[in-house]
Amino acid sequence: MTRHTRFSALFLTLAAIYTSTLFFGCSSNPSSPSDSSSGSGGSSGTSSTWSLGGAVTGSVRNLWVDGGTLYCCTSSGVFRSTDTARTWTQVVSRSQLGVAGSFGGGVVARGSTLYLGTSDFAFFSSNSGTSWRQIRSGLGSTNYICEGIYLTGNRVFYGSNVGVGFRLNFGDTTWTRAFETGVSNNVRAFFNHNDTLYAGYDIGMQRSFDNGTTWNLAPVTGLTSTQARNVFAFTRRGSSLYIATNAGVYVSSNGGTSWTQVNGLPKKNTPSDLEDDVRALTTVGTSVIVGMCYEGVWRSTDGINFTDFNQGIQDTRSNVGSLATVGNVVIMATSGPSPQIWIRRVQ
């Protein structure tokens with residue numbers, strides 16, 4: 001082979017390598033910026049996988065969004081993030097407040113005012129969590145463990161472990177009894193849907209049309225089992241209202257008058273199975289996101305048919321305890337294989 005021929009062959013080989021690098025040199029690793037929650041997402045309108053957020057200690061009880069600030073309440077304390085869950089700063093610990101039990105009720109915040117629900121009543125801070133004081137005025141002598149706390153409009157709502165719901169005006173520290181379920185139920189979840197307030201508990205829902213002043217039993221038509229009336233969370237998509245239950249997710253398109261079960265989520269094989277237990281819901285854009293107790297996370301783009309949304313999670317049977325949305329980013333808290341925070345952009 002002549003020198004000229006060898007040079008031509010070498011040139012063609014180098015050119016081929018250069019061309020290949022142009023077309024295939026970008027990383028296909030899902031953690032690359034273009035695919036992660038900090039990127040712009042793929043052509044499908046969603047990032048390809050979940051990515052881990054910043055670490056917190058303890059099992060997560062709830063996530064709360066106040067504008068661009070995200071709060072995370074765990075079994076060991078309250079944490080705050082201003083960068084969409086990528087890093088966290090601890091606001092207060094359980095030991096600092098002297099709470100022997102848990103922070104199971106969660107945290108809500110608006111500006112510098114925070115309310116925290118615990119096994120020892122509730123706590124209040126007016127200075128962004130720098131100092132706290134216990135608030136139990138209006139609760140009486142009974143140790144009402146807080147199972148859920150919620151802020152909407154000018155009122156805060158407190159769900160107890162003995163079937164009683166309380167309210168107070170935002171900024172105040174005296175509770176008023178709002179409703180009783182009639183039996184000892186755990187009142188866990190509240191939600192404002194089109195100016196109608198809902199409270200979910202073990203065997204059904206209460207509903208209020210006057211900003212929580214008066215309450216009545218909400219219809220349960222379509223919720224044909226006790227498990228289906230055990231309500232843990234709410235979300236909305238347009239005019240439709242969704243509830244998370246021990247028998248999957250149900251949707252109402254007629255203002256809560258009747259309910260229909262959604263499609264595509266895992267279901268029980270036997271009555272003792274926990275496959276369809278759902279603990280968390282959120283909405284981002286037109287997508288409804290479902291967090292299941294033993295089957296990870298699922299997504300619907302049409303509001304009724306759900307598909308697997310676990311891509312990138314190490315254990316697809318992760319127990320999803322809470323979901324929140326900041327802009328078009330979904331933040332998820334799981335308890336398996338260990339307590340973790342996850343982030344995924346949805347467009």
Side-chain angles (χ1 to χ4, degrees), residues 36-41 46-47 50-56 60-74 77-92 103 105-117 122-132 135 146 148-158 167-173 189-195 197-198 211-212 233-238 242 280-289 291 321-333 341-347:
S36 72
S37 63
S38 61
S40 59
T46 176
S47 62
W50 291 92
S51 61
L52 280 172
V56 296
V60 176
R61 304 306 189 195
N62 88 315
L63 296 166
W64 179 265
V65 179
D66 177 33
T69 302
L70 181 66
Y71 289 88
C72 179
C73 183
T74 79
V78 176
F79 298 80
R80 179 165 47 219
S81 174
T82 56
D83 58 5
T84 320
R86 288 167 179 80
T87 60
W88 297 89
T89 301
Q90 187 160 14
V91 177
V92 67
F103 284 3
V107 64
V108 296
R110 181 183 295 154
S112 60
T113 300
L114 289 77
Y115 291 87
L116 172 62
F123 289 81
F124 168 78
S125 173
S126 60
N127 53 14
S128 299
T130 300
S131 61
W132 296 81
I135 54 172
C146 185
I149 197 163
Y150 182 68
L151 166 62
T152 180
N154 67 336
R155 282 184 169 171
V156 180
F157 295 89
Y158 176 122
R167 71 173 190 270
L168 55 70
N169 291 330
F170 180 74
D172 290 346
T173 56
F190 295 87
F191 193 71
N192 185 339
H193 178 60
N194 293 338
D195 293 328
L197 288 175
Y198 289 82
N211 195 30
F234 297 85
T235 196
R236 59 175 294 176
R237 179 183 186 267
Y242 295 78
L281 295 171
T282 195
T283 305
V284 53
T286 58
S287 292
V288 179
I289 312 297
S322 188
L323 291 163
T325 300
V326 178
N328 63 348
V329 176
V330 177
I331 296 92
M332 175 174 65
I341 302 293
W342 298 86
I343 308 168
R344 188 167 182 175
R345 183 180 296 275
V346 180
Q347 294 181 337

A side-chain contact here means heavy atoms from C-beta on lying under 4.5 Å apart; do [X] and [Y] qualify?
{"X": "I343", "Y": "S51", "value": "yes"}
{"X": "L323", "Y": "T235", "value": "no"}
{"X": "I341", "Y": "I331", "value": "yes"}

Test your reading of the model: is there a side-chain donor-acceptor pair from [X] to the backbone of [Y], 3.5 Å cut-off?
{"X": "R155", "Y": "N211", "result": "yes"}
{"X": "T173", "Y": "I135", "result": "no"}
{"X": "S125", "Y": "S131", "result": "yes"}
{"X": "N62", "Y": "V107", "result": "yes"}
{"X": "R80", "Y": "S128", "result": "yes"}
{"X": "R167", "Y": "F157", "result": "no"}
{"X": "S81", "Y": "T87", "result": "yes"}

Let me confirm one number: the [atom1]-[atom2] distance from [X] to [Y], rounded to the nearest 0.5 Å.
{"X": "F170", "Y": "R110", "atom1": "CZ", "atom2": "CZ", "value": "5.0 Å"}
{"X": "D66", "Y": "T82", "atom1": "CG", "atom2": "OG1", "value": "12.0 Å"}
{"X": "F79", "Y": "T89", "atom1": "CZ", "atom2": "OG1", "value": "9.5 Å"}

Is a side-chain donor-acceptor pair under 3.5 Å present for N194 with R236?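 Yes.
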
What are the two closest non-hydrogen atoms of [X] and [Y], and how far apart are they?
{"X": "T74", "Y": "F103", "result": "O-CB, 3.5 Å"}
{"X": "A280", "Y": "A233", "result": "CA-CB, 4.2 Å"}
{"X": "Y115", "Y": "N169", "result": "OH-O, 4.0 Å"}
{"X": "L116", "Y": "G106", "result": "CD1-O, 3.4 Å"}
{"X": "G129", "Y": "L114", "result": "N-CD1, 4.0 Å"}
{"X": "G171", "Y": "F124", "result": "O-CZ, 4.0 Å"}

